[in-house]
Chemist: 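Take a look at this one; I'll ask things after.
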Amino acid sequence: MSTNQLDKKSQAWSALFSEPMSELVKRYTASVFFDKRLWAADIQGSLAHADMLQAQGLISADDLAAIQKGMAQIRAEIEAGTFEWKLDLEDVHLNIEARLTQLVGDAGKRLHTGRSRNDQVATDVRLWLRGEIDEIGVLLTELQKALVDVAEQNADVILPGFTHLQVAQPVAFGHHLLAYVEMFARDAERMIDLRKRVNRLPLGSAALAGTSYPLDRERVARTLGFEAVCQNSLDGVSDRDFAIEFTAAASLLMVHVSRLSEELILWMSQSFGFIDLADRFCTGSSIMPQKKNPDVPELARGKTGRVVGHLMGLITLMKGQPLAYNKDNQEDKEPLFDTVDTLKDTLRIFAEMAAGITVKPEAMERAAKKGYATATDLADYLVKKGLPFRDAHEVVAHAVKDAIAAGVDLSELPLDKLKAYNPAIEQDVYEVLSLRGSLNARNILGGTAPEQVRAQVARHRARLA
Ligand code: ARG
């Protein structure tokens with residue numbers, strides 16, 4: 001065996017092969033140009049494996065020291081950008097192992113004892129994803145905090161609440177924003193939950209059947225901070241459900257982002273004019289000098305399709321795969337990487353953008369006055385005076401019909417006109433018909449009254465601290 005057999009891959013895989021791969025096949029099967037991103041996890045996993053091999057008496061203390069020294073140099077080379085990634089060496093694992101052997105000789109060749117790239121790659125992806133999930137958790141907290149701040153400043157600002165995009169009832173703008181905080185809080189919960197299933201150790205599964213070496217898998221798990229060891233070697237090397245689950249949670253998160261994006265876009269359009277986004281999140285037009293376009297939320301809305309696409313890609317990749325490892329699984333990386341990148345950029349930019357929203361309370365209130373948003377309040381008023389709800393509903397429908405014909409709001413009808421619909425209506429009806437009165441009346445847990453909004457702001461702040 002040559003000093004560095006792995007380096008000879010450009011010729012043939014091993015003595016078994018009578019010809020080398022064609023250039024096209026080499027390019028088709030190689031993953032190094034995207035999976036080199038896993039290098040830190042690969043080194044971390046190898047060091048934990050080597051430490052355990054030594055503790056189990058499978059390699060010497062000198063070998064371990066050589067491996068540690070070699071890996072330190074490789075790390076430095078990669079960080080400095082001087083490491084030479086070779087397509088001939090297919091993937092991140094073989095590239096690093098070959099360099100190690102080049103640097104430290106036989107000790108490097110002993111590293112792969114009791115290990116296969118199959119359990120190695122599954123371990124690397126899990127380690128890497130775990131770190132990314134933690135970063136995403138921090139970014140989700142930042143976004144929620146930014147939204148809670150804007151919600152607090154707008155606890156009293158009246159916005160037309162819509163159903164079917166038709167004016168329904170007035171809501172506090174702060175209440176509206178806190179709906180998104182709830183969504184993002186559940187997204188964060190999902191990440192925390194699925195992290196438990198990401199955080200399990202496949203290493204020790206070897207190629208598929210486990211290994212005949214007396215490895216201490218629990219020790220490796222402890223070293224790497226995994227909370228459990230995969231209990232079936234076939235499953236450990238082959239399933240990518242943890243990646244699918246992550247991408248599913250990421251898709252839901254992006255769906256929430258897309259809903260917020262859609263609203264920001266609508267609110268910023270001249271027909272609504274409810275908000276303005278800071279210039280740094282918008283672009284102009286090359287032909288229409290008056291334009292300021294909400295490109296960032298539009299792009300985020302578009303990128304939601306991209307992330308959902310990755311979910312479809314990954315789940316289809318897994319479908320029908322027989323046990324155990326199949327090369328199909330190499331295709332898990334690019335969708336996963338892109339999902340993480342898209343998510344992190346989007347969360348960062350949305351936290352900043354939320355903090356820079358200019359709210360236009362007069363425009364919101366004007367719009368809320370347009371659609372008879374307090375009609376339900378009039379019906380409720382009549383119910384409190386003793387009318388059955390269905391009758392009250394009918395009475396108010398007549399009043400709204402007449403008000404529309406007269407081109408006025410319900411609150412602009414004189415008392416004698418209102419009394420004609422029902423004699424129980426008194427002067428106090430005007431408080432009920434006001435937007436503010438309607439808002440304040442919904443002082444129930446989960447409701448839109450400013451007092452409730454402030455209570456929710458306090459709850460979120462305590463939760464996010
Ligand atoms: N680059 C491969 C992957 O990403 C590593 C595992 C290769 N295993 C194998 N038996 N060819 O899945």
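This structure is a prediction, so every number in the text was calculated from the model and none was measured. In listed order, ligands and their atoms are each counted from 1. The figures here come from the full heavy-atom set of this structure, side chains too, leaving out hydrogens, waters and symmetry mates.
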Chemist: To the nearest 0.1 Å, how far is atom 11 (N) of ligand 1 from its closest protein heavy atom, and which atom is that?
Modeler: Arg117 NH2, 3.5 Å
Chemist: Only heavy atoms of Ser31, strictly under 4.0 Å: list the atoms of ligand 1 that pass.
Modeler: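 So the atoms of ligand 1 that pass are 1 (N).
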Chemist: Near Glu331 CD, under 6.0 Å, is it more than 12 heavy atoms from other residues, nucleotides or ligands?
Modeler: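 Check fails, neighbour count at 12 or below.
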Chemist: Within a 6.0 Å radius of atom CZ on Arg219, are there more than 12 heavy atoms belonging to other residues, nucleotides or ligands?
Modeler: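 Check passes, neighbour count above 12.
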Chemist: May I ask you to check if ligand 1 and Asp91 share an N or O to N or O distance below 3.5 Å?
Modeler: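 There is such a contact, yes.
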Chemist: Given side chain to side chain contact (heavy atoms under 4.5 Å, CB included), test His310 with Glu334 step by step and report yes or no.
Modeler: CA-CA 9 Å; His310 292 325; Glu334 286 164 293; over 6 Å; no
Chemist: Which residue and atom name correspond to the protein heavy atom nearest atom 12 (O) of ligand 1, and how close is it?
Modeler: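 Nearest protein contact, heavy atoms only, for atom 12 (O) of ligand 1 is Tyr325 OH, 2.4 Å.
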Chemist: In terms of relative ring orientation, are Trp267 and Phe274 parallel, tilted or perpendicular, with 30° and 60° separating the classes?
Modeler: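 The arrangement is tilted - the two ring planes meet at 30° to 60°.
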Chemist: What protein heavy atom sits nearest atom 4 (O) of ligand 1, and how far away is it?
Modeler: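 Of the protein heavy atoms, Lys333 NZ, 2.5 Å lies nearest.
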Chemist: Taking it one step at a time, do Gln456 and Gln452 satisfy side chain to side chain donor-acceptor pair (under 3.5 Å)?
Modeler: CA-CA 6 Å; Gln456 293 290 339; Gln452 294 292 333; 5.1 Å; no
Chemist: So which of Arg195, Arg190, Arg197 actually passes salt bridge (charged side-chain N to carboxylate O under 4.0 Å, His left out) with Asp193?
Modeler: Arg197
Chemist: Give yes if a backbone or side-chain nitrogen or oxygen of His93 is under 3.5 Å from a nitrogen or oxygen of ligand 1, and no if not.
Modeler: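 In this structure, His93 places no N or O atom under 3.5 Å from an N or O of ligand 1.
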Chemist: So is there a nitrogen or oxygen of Gln330 less than 3.5 Å from a nitrogen or oxygen in ligand 1?
Modeler: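 Gln330 vs ligand 1: N/O contact under 3.5 Å present.
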Chemist: Could an N or O of ligand 1 be found under 3.5 Å from any N or O of Asn118, whether backbone or side chain?
Modeler: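 So ligand 1 has an N or O lying under 3.5 Å from an N or O of Asn118.
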